[in-house]
Peer 1: 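Okay, here's the structure, questions in a sec.
What you see below is based on every heavy atom in this structure, not just the backbone, and it leaves out hydrogens, waters and symmetry mates. Atoms within a ligand are numbered from 1 in the order they appear, just like the ligands themselves. Keep in mind the model is a prediction, meaning the values are calculated, not measured.
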Amino acid sequence: MTAKSFKIHEKATLMHGFYTLHVLETTSSTNEDAKQAALEGAPTGLVIQALSQSGGKGRQGRHWHSPEGNLYASILLRPSCATQDAGFYSFLTALAVYETVRHFLPLAKIELKWPNDVLVEDKKISGILLEAGPLKNDQFEYLIVGVGLNITSHPENPLYPVTNLCAEGAKNPPVSTALEIFLEKFEKWRLTLLSDGFDSLRSAWLSHARQGKMVARLPHKEIHGTFVSIDEAGQLLLKRDDDSVIVPISAADIFFDKE
Ligand code: BTN
């Protein structure tokens, strides 16, 4: 990526040289910027942060409301992993967000909701959007990890309750500190994944998992059941209410009974 491509607000090198941070005052979507940078040949470890986004992207084509005051960042990785393993980064990112939120809210109830939501007191506080590049020899050319963390504001959502760090009692956490902590945690879990495989992440994720009754909303059906675990591929294992069969789910929107 060339500096010319973006209006660079600030540039710094963090974390043993692995991360190179570019901070933009505003942009459409940091995921789109990271994708563009990847196509231009930028190396793994590039982080693009924007203070606000005009076209923030959420999952399933939804809009991610992105006013100033919250964290919006995308990490470009070239993980050279098999395509089926790219999803592990989703759990890795959720763990890093979990620990970032824990730093600011030491006493709060914080849980992880499959596949990558972080809930504070039952309310969604962050969003994670992974976007993979084209395949080359059964490996993605790049993986963009986009993270939004609500710090000072959140939009109301008719589908589920939402919150932000300040609303939960954090004392004006600077966005830059939240990013720094997040990247430190992300790097710790990335190295764990590389050295130990998904199993360590899986155990850590499970120790914070939201359990109990849930509804998995798939494109053409709903499955009502009880959380059992996640398997070694990261699929959700749900014990179906109808027949007590444990079904693996690879993609769905998850809702809880009271939502
Ligand atoms: C979700 O719908 O839960 C995922 C939202 C992901 C939002 C982040 S903000 C930074 C990055 N840039 C984007 O356009 N989206 C992601």
Peer 1: Which of the atoms in ligand 1, numbered in the order shown and given with their element, are less than 4.0 Å from a heavy-atom of Lys124?
Peer 2: 1 (C), 3 (O)
Peer 1: Which heavy atom of Leu218 sits nearest to which heavy atom of Ala252, and what is that distance?
Peer 2: CG-CB, 4.0 Å
Peer 1: As an exercise, identify every atom of ligand 1 less than 4.0 angstrom from a heavy atom of Ser29.
Peer 2: 12 (N), 13 (C), 14 (O)
Peer 1: Which residue owns the protein heavy atom closest to atom 5 (C) of ligand 1, what's the atom, and how far is it?
Peer 2: Trp64 CE3, 3.4 Å
Peer 1: Sub-3.5 Å donor-acceptor pair from the side chain of Asn116 to the main-chain atoms of Ala94, do we have one?
Peer 2: no
Peer 1: Is there a polar contact between ligand 1 and Gln53, counting only N or O atoms under 3.5 Å apart?
Peer 2: yes
Peer 1: Look at ligand 1 and say whether Gln60 reaches it with a heavy atom at a distance under 4.0 Å.
Peer 2: no
Peer 1: Between Phe227 and Arg210, is there a cation-pi geometry (under 6.0 Å to ring centre, at most 45° from the normal)?
Peer 2: no
Peer 1: If the cut-off is 4.0 Å to any non-hydrogen atom of Gly148, which atoms of ligand 1 fall inside it?
Peer 2: 8 (C), 9 (S)
Peer 1: Answer yes or no: is there a donor N or O on one side and an acceptor on the other, between the side chain of Arg202 and the main chain of Ile230, under 3.5 Å?
Peer 2: yes
Peer 1: Considering only the protein, which heavy-atom contact is closest to atom 4 (C) of ligand 1, and what is its distance?
Peer 2: Ile128 N, 3.5 Å
Peer 1: For ligand 1, which atoms, with element, lie under 4.0 Å from some heavy atom of Gly56?
Peer 2: 14 (O)
Peer 1: For atom 6 (C) of ligand 1, which protein heavy atom lies nearest, and how many Å away is it?
Peer 2: Lys57 O, 3.5 Å
Peer 1: Closest approach of Val101 and Val118, non-hydrogen atoms and distance?
Peer 2: CG2-CG1, 4.5 Å
Peer 1: Hey, which atoms in ligand 1 end up nearer than 4.0 Å to a heavy atom of Thr30?
Peer 2: 10 (C), 11 (C), 12 (N)
Peer 1: If two hydrophobic side chains count as joined below 4.5 Å and joins carry through other members, does Phe140 share a cluster with Leu194?
Peer 2: no
Peer 1: Identify, by atom number and element, the atoms of ligand 1 in contact range of Ala73, meaning under 4.0 Å from any of its heavy atoms.
Peer 2: 10 (C)
Peer 1: Verify the cluster assignment for Ile181 and Leu105: are they in a single hydrophobic cluster under the rule of side-chain heavy atoms below 4.5 Å apart?
Peer 2: yes
Peer 1: Give the residue and atom name of whichever protein heavy atom lies nearest to atom 1 (C) of ligand 1, and the separation in Å to one decimal.
Peer 2: Arg59 N, 3.5 Å
Peer 1: What orientation do Phe186 and Tyr19 show, parallel under 30°, tilted 30 to 60°, or perpendicular over 60°?
Peer 2: perpendicular
